[in-house]
Amino acid sequence: MRKYHFPFIDLDREEIWINRYIRQGWRLKDVNLFIYEFIPKETHTRLKENEVPPDENAFLVRCDVHKFDTDPDFENYRTMFLDAGWKHISGYKEDNVQYFERISPYASEELFSDTVSKSNRYLRLAKYWSCMLLPQLAVFFASIHLMRSSIWNLFHLRELFYSPGLWELTGLSFWAAFLRETPSAMLFSGLLVLPYILLNSLFVITDAVCAARSYQLYCKKKKA
Amino acid sequence: MNTNKHLPLTETTFYILTALLSPGHGYYVMQRVEELSLGRVRIAAGTMYGAIENLLLQNLIAPVPSPDKRRKLYQTTELGRHVLSSEAERLRYLVSIADRFGL
């Protein structure tokens, strides 16, 4: 079964949303940005020898936030959670959100035993988004700087058409010459950078909003 | 060795540093802490991993060569030991005050 949800920043709300399906008899198989793939609990294969039958909180999903520089670090992290009864479901090494499911009835029901370490997830998220934001911001200012000349061009569009006597032509011959010149005029005007700047600003806004929101959540949850 | 900036230790940190006086991996520490505290302190996996990262940064514990490729081993450093004994001294003094007031 596939479910879709706009990407969460509030991990606690994400856990609640996912676990609603877990309690209805599903297991989370994979998460891909906004696609959540669930499989029925019956397809569960035994993960450990002499495994005790799962309790009502089996396969409960919890999220952690971590990224890793090396494979052994990532492996060490996942092994430690598996030892403690939490199986890694989804999340890449360079990613930040890591999804775990509770496979042992001996495991705690939470991934964190105090509010400070639980809220620290949001601080790591905020750091991640700020790191994403900085290079985008640099590109943004650089392209604005480059665009300044293009803005001037916007008011002098005629001068970008270099064919002599173009504007004196009339009728069909004018349009033929005009259309032939248009691509190069566009190129010279620098207006082609515009869609790129729009895309870039979209990234800047997303990163900034995510960074601010995670930091806000960090401050809120730390006090809770 | 100045250990004052690390004091006082949280209960969790105290238990982790004590558990790691002999080398152990993450899950070993979780079990050992539960044992040492007679089941009163249970550190969850996420909290444990964060705590280890933190203690590594503060040089209170250090990685030691591990025979198991998938599990890193850690051990309390010399600094960690000093911090532990300063903390124990601090706690002993507090207990002596409590005794004096008949608490």
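Computation of the quantities below employed the complete heavy-atom set of this structure, encompassing side-chain atoms and omitting hydrogens, waters and symmetry-equivalent molecules. Residue numbers begin at 1 in each chain, while the letters A, B, ... track the order of the sequences.
For B:K72 against A:N76, the heavy-atom pair with the smallest separation is N-OD1, 2.9 Å. Contact record, B:R70 with A:T79: O-OG1, 3.4 Å, taken as the closest heavy-atom pair. Summarising the geometry of A:S113 relative to B:A44, their closest heavy-atom pair is OG-N, 3.1 Å, with the distance given to 0.1 Å.
For chain B, the nearby parts of A:E75 are the backbone and the side chain; heavy atoms of each come within less than 4.5 Å. Within the 4.5 angstrom heavy-atom criterion, only side-chain atoms of B:E53, from C-beta onward, approach chain A. Heavy atoms closer than 4.5 Å to chain B are found in both the backbone and the side chain of A:D114. Heavy atoms of A:S117 lying under 4.5 Å from chain B belong exclusively to its side chain. In this structure, chain B has no heavy atom under 4.5 Å from any part of A:F100.
Heavy-atom pairs under 4.5 Å with chain A were tallied for B:N54, B:V41, B:I43, B:T47; the largest tally goes to B:T47.
Surrounding OH of A:Y215 are at most 12 heavy atoms belonging to other residues, nucleotides or ligands under 6.0 Å away. Within 6.0 Å of NZ in A:K29 there are 12 or fewer heavy atoms belonging to other residues, nucleotides or ligands. No more than 12 heavy atoms of other residues, nucleotides or ligands sit less than 6.0 Å from atom CZ of A:F203. Remark: B:Q75 CD is packed, more than 12 non-hydrogen atoms of other residues, nucleotides or ligands lying under 6.0 Å away. Around the CZ atom of A:R13, the shell of radius 6.0 Å holds no more than 12 heavy atoms that belong to other residues, nucleotides or ligands.
For A:D207, there are no salt bridge (Lys or Arg N to Asp or Glu O under 4.0 Å) partners two or more places apart in sequence or in a different chain.
Taking 4.5 Å as the limit, some side-chain heavy atom of A:F81 sits within range of a side-chain heavy atom of B:Y49. In this structure the side chain of A:M80 never reaches within 4.5 angstrom of the side chain of B:H25, judged on heavy atoms.
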